[in-house]
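Read the structure below first, then the notes.
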2 protein chains.
Amino acid sequence: MEKVTIRDIARLAGVSKSTVSLVINNSPRVDPETRGRVLAVITRHNYVPSATASALAKGRPPFISMIVPGLTWRLVAPLNYGVASVIERTPYEIILYTSTNDHDYAPVIDRMLASGLSAGVLVINQDQTMQPLLDLHAQGVPVVLINTLGSHFDLPSVEADNYEGAYGAVRHLLDLGHRRIASLAGPMTYPCCQDRQRGYQDALTEAGVPIDASLTQQSGFQPPTARELVRELLERADRPTAVFAHNDVTAYAAMDAAADRGLRVPEDLSVVGFDDIPSSAHVKPALTTVSQPFEAMGEHAARMLLAAISSESASSESASSESGEGSAPGGHGPPPARVHLPTTLIVRDSTGPAPS
Amino acid sequence: MEKVTIRDIARLAGVSKSTVSLVINNSPRVDPETRGRVLAVITRHNYVPSATASALAKGRPPFISMIVPGLTWRLVAPLNYGVASVIERTPYEIILYTSTNDHDYAPVIDRMLASGLSAGVLVINQDQTMQPLLDLHAQGVPVVLINTLGSHFDLPSVEADNYEGAYGAVRHLLDLGHRRIASLAGPMTYPCCQDRQRGYQDALTEAGVPIDASLTQQSGFQPPTARELVRELLERADRPTAVFAHNDVTAYAAMDAAADRGLRVPEDLSVVGFDDIPSSAHVKPALTTVSQPFEAMGEHAARMLLAAISSESASSESASSESGEGSAPGGHGPPPARVHLPTTLIVRDSTGPAPS
DNA sequence: CTGAAAGCGCTTACAG
DNA sequence: CTGAAAGCGCTTACAG
């Protein structure tokens, strides 16, 4: 069971190593007959080129790195599914870098850079400092962000359509007859929250419902805070009949607050969340929420990265021959792509007709 | 910003590449003074050896592979945390192989083997066919299983102490005064379920409670089945006052069944689960359950794998010089290690004193 | 269209 | 203790 190398294949096929290499790399300048013969030998012997050797010779690593901060683990399952489904059809493998420090992944990036193994990197970003990523990009390593916070960065990114998601959620509440709808907002420093809030307001405005600013409360995404805020809201004479929470865990808190006040969900209060984390199907009552398209985001991000990698290597090759165009790192090309993927409203048991 | 190589370091330190290499690999036969000088140059220039080059030269890949079948994604967050925390102190990186086919990861293994990138592999196994893994092992690639089902395989594995976990859960119920305790069992073909069932029975027996076989029902881990079974159980005149479910999702079903019958949890019925998946903290009432030590399992598995890798390379080196001892693949050494890690009972709101 | 040769960046006997 | 040389398995100009 000796390891079969390119030399063996060359000998068995009666050609040179060069030719085998050309066949492997799909060079067009190989005689079809020769190619067929080589291919036959390759498959017969189950030959697979050594990834390390070819990486070394090519000077280009066969890996895509995925950086996963601890905080984002809840999302990584479907995300990774999407990423894996596109990467598995390429010669790349996925290296997983887990960042144990949630706020700063500079150490992880150093390690990654040092190993020189990454053709490109996918990062699930939350609230981290971005500088290390920008540095990475500046060094010519393509980066794409899976942007859970919707922040604006000078890097290509994929994110959910937060505005549309929120709009749809509130539209759903309006359709059920609700007019007094509270917004339990996340940190408004996060662009995703700004977008969700705009969706909330626009849905209301379009339905002719005047905006009552006192109905928007800042939970900071903290469940205890959220619970307290909703409790206060429910004490008012003109209490809301529905709440739109900027994420699922604060939606749970809203339901807890209703229980605290002896109110039933959805009979007395409807609640809708955002994210659709796994628990939301199990909570009682099951939560109506906006599902983020994580799997699709993973797929899309992977495809963008692959494209960036090939254009990167193309541009660096042509850099000398052509007049230095293209979006080379450091260059001031077009702004990086930001793709927004549609969300889905998952209607479960926490929303119902407005009480009369 | 040219890539600095071993040649640069050698020149700058005034030594040969060989010497630099020896320093990098911590060879004892380098003059301390020389070593210091080389190290200084290395750090000053931020030099990090190319992983691919050294892999090629050494003939040993710098990666640990982790195979994650889709089904097991729920566990992978804490598991990976554990794995990452030990791997990050080694020169290895983690390659993530996601198996899209839940029942057969042969294709993934083929790919992994083909790339020749894995020094060892960690697999989270569920209900898959094991043959590909045994083949892998036979080819000399160390494998360790993170054994979620407790199956007996001819491979080293790490698993939760299912027996003790179940015993403790039932003990908790007994301490609360319960005597009629049902077991909502998973598939008894799974060793983990057999162990959980034994834990259940032994706790009962030790407490002097006779075993009533009609109180054990087979849910097959299917929530709808579980719900129906518990519903029937609760209809009986001598209905149980508590149920021990072999996993969390069927525990949720048991709570649903109680609601179906107008029974309150925990006042009328106590429920305890097994696993402690994230939802269990959010369910109403929050579920008392046995927490599997996933993070510790990941750490332990990673350490076992590292040990296997080094003894593997050691034994293949000494194979000619020594008399061929050691647990070489295919050899009939001692049976593979199976480590059981302790679980923790998480007491939340779904269990309470037995009704009088 | 194909082959001989040099090279990718390291490691490892082998001399000294 | 250190260096020169060959080699790991591939790729890529360069000839032909």
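All chains are named by letter (A, B, ...) in the order of the sequence lines, taking the proteins before the strands, and each is independently numbered beginning at 1.
At least one donor-acceptor pair under 3.5 Å links the side chain of A:Arg37 to the backbone N or O of A:Ala13. Formation of a donor-acceptor pair under 3.5 Å by the A:Asn25 side chain with backbone atoms of A:Ser27 is not found in this model. For the pair A:Thr43 (side chain) and A:Leu39 (backbone), a donor-acceptor distance under 3.5 Å is present.
Shown here, C:dG16 forms a base pair with D:dC1; the pair counts as Watson-Crick or G-U wobble because both key distances fall under 3.5 Å.
When the nucleotides D:dT11, C:dG9, C:dT11 are ranked by their closest atom to the side chain of B:Asn25, C:dT11 comes out on top. Candidate nucleotides C:dT11, C:dT2, D:dT11 were compared by shortest atom distance to the side chain of B:Ile24, and C:dT11 ranks first. Checked against C:dT11, D:dG9, D:dT11, the side chain of B:Ser54 finds its nearest nucleotide in C:dT11. Of the candidate nucleotides D:dG3, D:dT12, C:dC10, D:dT12 has the atom lying nearest to any side-chain atom of A:Lys58.
The stretch residues 27-43 of chain A comes close to DNA chain C through A:Arg29, A:Val30, A:Asp31, A:Thr34, each having a heavy atom under 4.0 Å from the strand.
The CZ-P distance, from B:Arg7 to D:dG3, rounds to 15 Å in whole Å. Rounded to a whole Å, the NZ atom of B:Lys17 is 11 Å from the C1' atom of D:dG3. One interatomic measurement links the two molecules: CZ of B:Arg11 to C1' of C:dG9, which rounds to 14 Å at whole-angstrom precision. Look at CG on B:Asn26: it is 16 Å from P on C:dC10, rounded to the nearest Å. Note: CD1 (B:Ile9) to C1' (C:dG9) measures 12 Å, nearest angstrom. A straight line from CG of B:Leu22 to C1' of C:dC10 spans 12 Å, rounded to a whole angstrom. Atom P of nucleotide D:dG9 and atom CG of A:Leu56 are separated by 12 Å, given to the nearest angstrom.
For the pair B:Ser50 and C:dC10, the criterion of a side-chain N or O lying under 4.0 Å from OP1 or OP2 is not met. Regarding contacts with the backbone of C:dG9, every side-chain N or O of B:Thr5 stays at 4.0 angstrom or more from both OP1 and OP2. When the side-chain nitrogen and oxygen atoms of B:Tyr47 are compared with OP1 and OP2 of C:dG9, none of them lie within a distance under 4.0 Å. Dashed line: the shortest gap from a side-chain N or O of B:Ser16 to OP1 or OP2 of D:dG3 is under 4.0 Å. Between B:Ser18 and D:dG3, a side-chain N or O to OP1/OP2 separation shorter than 4.0 Å is absent.
Note that the CD1 atom of A:Ile64 and the CD atom of A:Glu93 stand 10.5 Å from one another [nearest 0.5 Å]. B:Ile87 CD1 to B:Met66 CE: the interatomic distance, rounded to the nearest 0.5 Å, is 9.5 Å. The CZ atom of A:Arg35 lies 12.0 Å from the CZ atom of A:Arg29; values are rounded to the nearest 0.5 Å. Considering CZ of B:Phe294 and CG of B:Leu79, their distance stands at 7.0 Å, rounded to 0.5 Å.
Defined by atom type and a distance below 3.5 Å, a donor-acceptor pair is missing between the side-chain atoms of B:Ser21 and B:Ser18.
Comparing B:Val15 and A:Thr52 by the nucleotide of DNA chain D whose heavy atom lies nearest to each, the residue mapping closer to the 5' end is B:Val15.
No engagement by A:Val20 is indicated, since no non-hydrogen atom pair under 4.0 Å with the nucleic acid exists.
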